[in-house]
Structures are given as C-alpha cells and as structure tokens.
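Numbering of ligands and ligand atoms starts at 1, following listing order. Computed over heavy atoms, backbone and side chain alike; hydrogens, waters and symmetry mates excluded.
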Amino acid sequence: MKSFYPLIIVAFIIILSACKNSEKKAPQAAVPIEIETYESQKGQHRPTFHFTPPEKWMNDPNGMVYYEGEYHLFYQHYPDSTVWGPMHWGHAVSKDLVTWEHLPIALYPDDLGYIFSGSAVIDWKNTSGFGKNGQPPMIAIFTHHDPKGEKAKTKTFQYQSIAYSNDKGRTWTKYKGNPVIPNPGIKDFRDPKVIWDDDSEQWVMVFAAWDHVKFYGSPNLKDWTHLSDFGKEWGTHAGVWECPDLFPMIVKGKGEKKWVLLQSLNPGGPNGGSGTQYFVGDFDGTNFTLDPSFEAKLEQDSAVWLDFGRDNYAGVTWSDVPVSDGRRLFMGWMSNWDYAQVVPTNEWRSAMTIARNLVLKETYLGYQLFSEPIKELKTLHKDTLKINGQKGEQLRLALAKGKKIIGELHLKFIIPNDDDNTKLTVELVNSKKEIYHIGYYHKWKGFFSDRRVAGKTKFTENFAPTIHQAPRFSKDKIIEMRIFFDVASAELFADKSWTVLTDIFFPNEDFTQLNLNVDYGEIELLDSHFYSY
Ligand code: FRU
C-alpha cells in the first residue's frame with residue numbers, strides 16, 4: 001500500500017494543475033454595466049457661481065478678450081439641443097469674471113461651415129483696416145468646419161477664418177476673404193489662438209493639427225505665413241491635440257521671460273478622457289523651443305498637466321488684459337468628452353471652471369504653472385467659520401450643516417508624526433446619504449477626489465469608475481487645500497495652487513453637510529476657514 005503514495009500524490013498534483021489551467025482558460029463572465037437615464041428636476045445641478053449657458057449645449061470657451069471694462073466670454077454653443085451639433089459662438093460679458101450678463105449669439109454657421117473654437121483680439125493699431133471712427137476693431141479668429149466636406153471624407157474641411165466687430169463684440173461681420181488659412185490636407189486643423197508679439201512685431205497664431213501645433217505669422221490678421229511646427233516628438237499623444245494657447249510669462253520673482261504653450265488633448269488626460277498638458281520654453285518669432293530643463297523633465301514624464309481632475313478641458317487665456325492688471329487669466333470647460341453629452345442636466349449642458357490666474361514659478365521640478373483662483377471670488381464670501389487648533393486622531397468635525405454647501409474651504413494642516421497611514425477626508429453629504437469625498441492621503445503623497453457614491457453616476461459607464469488622484473509636489477511641511485464647492489463641482493487648489501484638481505458630480509439632492517474626517521493617523525489643523533457663499 002505504502003508504495004502507492006507517490007503515485008497518488010502525483011495524480012493529485014496533475015488534477016490540481018488541470019483545474020488551475022482550466023480556471024485560467026475559462027472565459028471571463030462579462031459583468032453588464034447598467035446604464036441609467038435620470039430625470040433631473042428643472043434647474044437641478046445648475047451651478048451658482050460658475051458660468052452656464054442660459055439653455056442648451058455648451059463646450060469650449062472661445063474668443064476670451066478684455067475690452068473697455070468687459071471680459072468677453074464666447075463659447076461653443078448649439079442653441080437647438082442639449083447635445084453637440086452645428087456650432088455657434090454663444091456670448092456673455094462680465095466686469096469681474098464672477099457674474100455674467102448673457103448676450104445674443106455672436107457667430108452663426110454659414111456657407112463655409114460651423115463656427116468651431118478660436119480666439120479674439122483687439123487690433124489696437126488697426127493693422128486689419130477693420131477699425132471705424134478711430135476705434136480699434138475686435139477681431140475673432142476661428143475654425144470653419146464644413147460638415148459637407150467631412151461627410152464626403154475630404155481631408156480639407158477645417159480652415160481658419162476671421163470676423164470683426166466695431167461695437168464691443170455685439171455684432172459681427174465675417175471677412176469676405178475667408179478662409180484666411182486654407183487647409184493643406186490635414187484632417188484635424190483647428191482652434192486658432194492669436195497674440196500680438198511685441199518682439200517680432202507680428203500677430204502670431206497657434207493652432208492644433210492632429211499630433212502637433214502650427215505657428216503662423218501675420219502683419220494684419222488677414223495674410224498669414226507658416227512659421228514652424230512643434231510637438232510631434234513631445235508630450236503625450238494618447239489623443240488628438242486641440243485648443244492650444246501660446247503666451248509669454250515673467251517667471252515669478254525672477255524677471256525672466258519664458259513662453260508657455262497650453263495643449264489640450266482628448267483622450268489621454270491624467271485621470272481619463274480630456275485633459276490639458278503644457279510646455280515651457282522660448283519663442284523667437286518663428287520657432288517654439290523647449291527650455292532644456294523642461295525637455296529633461298519630459299524625457300522622464302510623458303506629460304506635465306495643468307489640472308489633474310477630469311473636468312477642465314480646452315481652457316485658454318484672456319487676451320488684452322491691461323498691463324496694469326498683469327494677470328494671465330484662464331478659464332476651462334468644466335466637462336470631459338467621455339460623458340459631456342449625457343450628464344444629467346435637462347435644459348442646459350455644461351459649465352465653465354472658475355477663472356484662474358496662471359503664474360509661472362521656478363521650483364525644484366523646474367518651471368511649473370500654478371493656477372490661482374481669481375481674487376474677485378472673495379466678493380462672494382458671506383459667513384466665515386474658523387476651524388483652528390483641532391488636533392488628534394479620529395477627528396470628526398461637522399463644518400457646516402443645514403443649507404446647500406456652496407463656498408470655499410481653506411485647510412492648512414501638518415502631519416506631526418509623518419505616519420503614512422494618515423488620511424484626511426472632506427465629505428459632502430446629503431439626506432440620501434450620498435457622499436462626495438476629497439482629501440489627502442499621506443501614503444500616496446497625493447490628493448484624491450472620489451465621486452463614486454456622490455449621486456447619479458450611471459448615465460455612462462466611465463463617469464465614476466475610479467478615484468481620481470493628483471500628486472503632491474510641494475515639500476512644505478504644511479499641507480494646504482483650498483476647495484471651491486458649488487452644487488455640482490469641486491475645484492481643489494492645493495499648496496498655493498501647485499496641484500489642481502477639478503471634478504463635477506450630480507447628487508440626487510443638494511449636499512447639505514460638510515464634514516472633515518481623519519480616520520487614520522493624526523493631523524494638526526492650523527489656521528483654517530470655511531467661507532460660505
Ligand atoms: C474641443 C473641440 C475643438 C473644436 C470644438 C468643436 O473640445 O473638439 O477642437 O473646435 O471642440 O466644438
């Protein structure tokens with residue numbers, strides 16, 4: 001009997017490994033994802049301090065220009081539906097970038113096509129000759145997208161055109177010589193952003209051409225010459241490049257001038273779908289070249305991101321902000337092409353981010369862009385809650401309760417014993433026990449945003465499959481989180497706006513509780529506040 005033991009063991013091993021193999025080969029059962037459509041009440045999820053169109057579809061911000069006391073915001077708009085369609089430029093103006101006045105649609109589709117994204121400038125020297133009565137014209141530079149050409153599968157259906165206004169952007173005339181830059185046979189050929197370059201004394205246009213950007217120069221905004229290309233070998237190419245922006249900046253505290261190139265791409269963003277990378281370098285009137293330190297950085301990281309959330313796309317900066325103001329003001333579309341057309345709002349779709357001031361700093365990581373919330377938002381502060389001196393483990397603080405949580409939370413804290421398990425979570429909660437979480441996890445050395453149980457998520461499979469993460473760059477002992485909460489969004493500016501994360505969410509009822517929890521580890525809260533709006 002004894003002699004059979006080895007045989008029995010061998011047989012056992014064979015059977016076991018057969019089972020294992022068959023396990024490996026067995027087809028994975030597909031888990032069906034339930035997609036739900038939601039009935040939202042009228043006006044539900046409409047932000048209170050973010051720009052939204054009065055009704056129907058909106059995507060990218062366009063034609064952002066400052067003139068005679070007004071910030072203009074034009075935007076990609078389809079006035080007949082809450083999904084994308086033939087593009088127009090919607091229009092609004094603001095004196096403070098916080099409250100907006102809606103104006104009639106500025107640009108309508110025409111024989112040359114839909115009006116895609118683009119920019120606007122004030123032609124101070126009347127180089128175009130479109131000025132009137134000694135007043136400079138406002139010029140819009142945009143992509144015409146010809147749907148017939150697209151259908152016919154030509155590759156030449158996008159080209160750059162211009163229009164001008166002599167009445168502060170209220171009415172527009174399209175230039176008879178359009179397009180000003182015809183298409184040489186590149187399918188994706190769009191989103192012109194124009195600046196006046198003092199050094200080379202010319203208008204400079206940058207626009208996206210699939211996997212790179214093109215620079216053109218002009219003396220008068222009508223006649224353009226190709227200057228150069230950039231980007232095929234740099235940054236991430238996980239999606240198509242769209243909506244670039246090129247501008248000079250003075251490095252904070254150094255007086256040195258550098259050029260920044262913002263570059264949106266879709267998909268391929270840091271947490272999935274649409275996102276915006278940037279490059280820092282020099283522009284000599286013809287070529288954009290990366291700064292050597294930035295080039296070295298890109299050899300390690302595939303991209304440098306402006307915002308780690310999923311909901312800041314196609315953002316560009318305002319033109320003609322007075323030198324006395326000196327800011328480089330930015331605004332993005334607070335959505336993502338992964339789900340923008342199915343988010344559960346009914347009479348309108350999409351909002352813009354809050355306006356931000358971009359600041360270029362030289363750090364231990366080289367040149368980095370910081371996105372600071374504009375100071376004008378302070379005018380919204382109503383009540384202030386001080387949250388000082390709290391310390392300890394298992395901290396549970398109810399910061400606000402009872403009414404809609406809308407406002408700014410400024411947290412400053414340290415992790416006294418540097419315990420990796422330390423996790424600080426800010427929660428928004430409603431009466432349906434839906435929760436949005438945003439916080440800092442010391443083990444990841446990073447911030448997170450979790451909308452998985454924050455309300456409606458199943459309108460598409462990829463709205464909330466995972467937690468979104470953002471790295472912490474600052475090495476300061478004091479961790480700072482500044483979070484702007486509106487009814488359907490959170491915008492995190494951490495460590496003086498070095499790490500930024502913008503996310504939207506759709507609770508079935510408004511969030512009415514704001515809590516701060518430390519479940520693991522220990523923190524010491526320093527000078528912190530909640531400013532309710
Ligand atoms: C970016 C974009 C642009 C285009 C516009 C069309 O979101 O795809 O490239 O001009 O939207 O609406």
Is it the case that Lys456 and His45 place a side-chain donor and acceptor less than 3.5 Å from each other? yes
Do Tyr313 and ligand 1 have an N or O pair less than 3.5 Å apart? no
Identify, by atom number and element, the atoms of ligand 1 in contact range of Arg190, meaning under 4.0 Å from any of its heavy atoms. 3 (C), 4 (C), 9 (O), 10 (O)
Starting from atom 8 (O) of ligand 1, locate the nearest protein heavy atom and write down its residue, its atom name and how far away it is, to 0.1 Å. Glu242 OE2, 2.9 Å
Ignoring hydrogens and geometry beyond distance, is a side-chain donor-acceptor pair present between Asp60 and Ser117 at under 3.5 Å? yes
Backbone N or O of Phe157 within a donor-acceptor pair of the Glu150 side chain at under 3.5 Å? no
Could you tell me whether Asn59 approaches ligand 1 through its side chain, its backbone, both or neither, with non-hydrogen atoms closer than 4.0 Å? side chain
Row check, Trp318 ring normal vs Arg328 NZ/CZ: under 6.0 Å, within 45°: no
Sub-4.0 Å atoms of ligand 1 with respect to non-hydrogen atoms of Ser117: 5 (C), 10 (O)
Less than 6.0 angstrom from the centroid, inside 45 degrees of the normal: does Lys214 satisfy that with respect to the ring of Phe207? no
With a cut-off of 4.0 Å, which atoms of ligand 1 are near a heavy atom of Met87? 12 (O)
Only one of Asn62, Val65, Asp320 forms a side-chain contact (heavy atoms from CB on, under 4.5 Å) with His72, so which one is it? Val65
Element-labelled atoms of ligand 1 that are located less than 4.0 Å from some non-hydrogen atom of Asp60: 1 (C), 2 (C), 3 (C), 5 (C), 7 (O), 11 (O)
Counting each atom of ligand 1 from 1 as listed, which ones have a heavy atom of Gln76 under 4.0 Å away? 5 (C), 6 (C), 12 (O)
Going through the distances and angles, do Phe493 and Phe484 end up as a ring-ring contact (aromatic ring centres under 6.0 Å, His included)? CA-CA 8 Å; Phe493 301 88; Phe484 290 74; 5.6 Å; yes
As an exercise, identify every atom of ligand 1 less than 4.0 angstrom from a heavy atom of Asp191. 3 (C), 4 (C), 9 (O), 10 (O)
Do any heavy atoms of Tyr114 fall under 4.0 Å from ligand 1? no
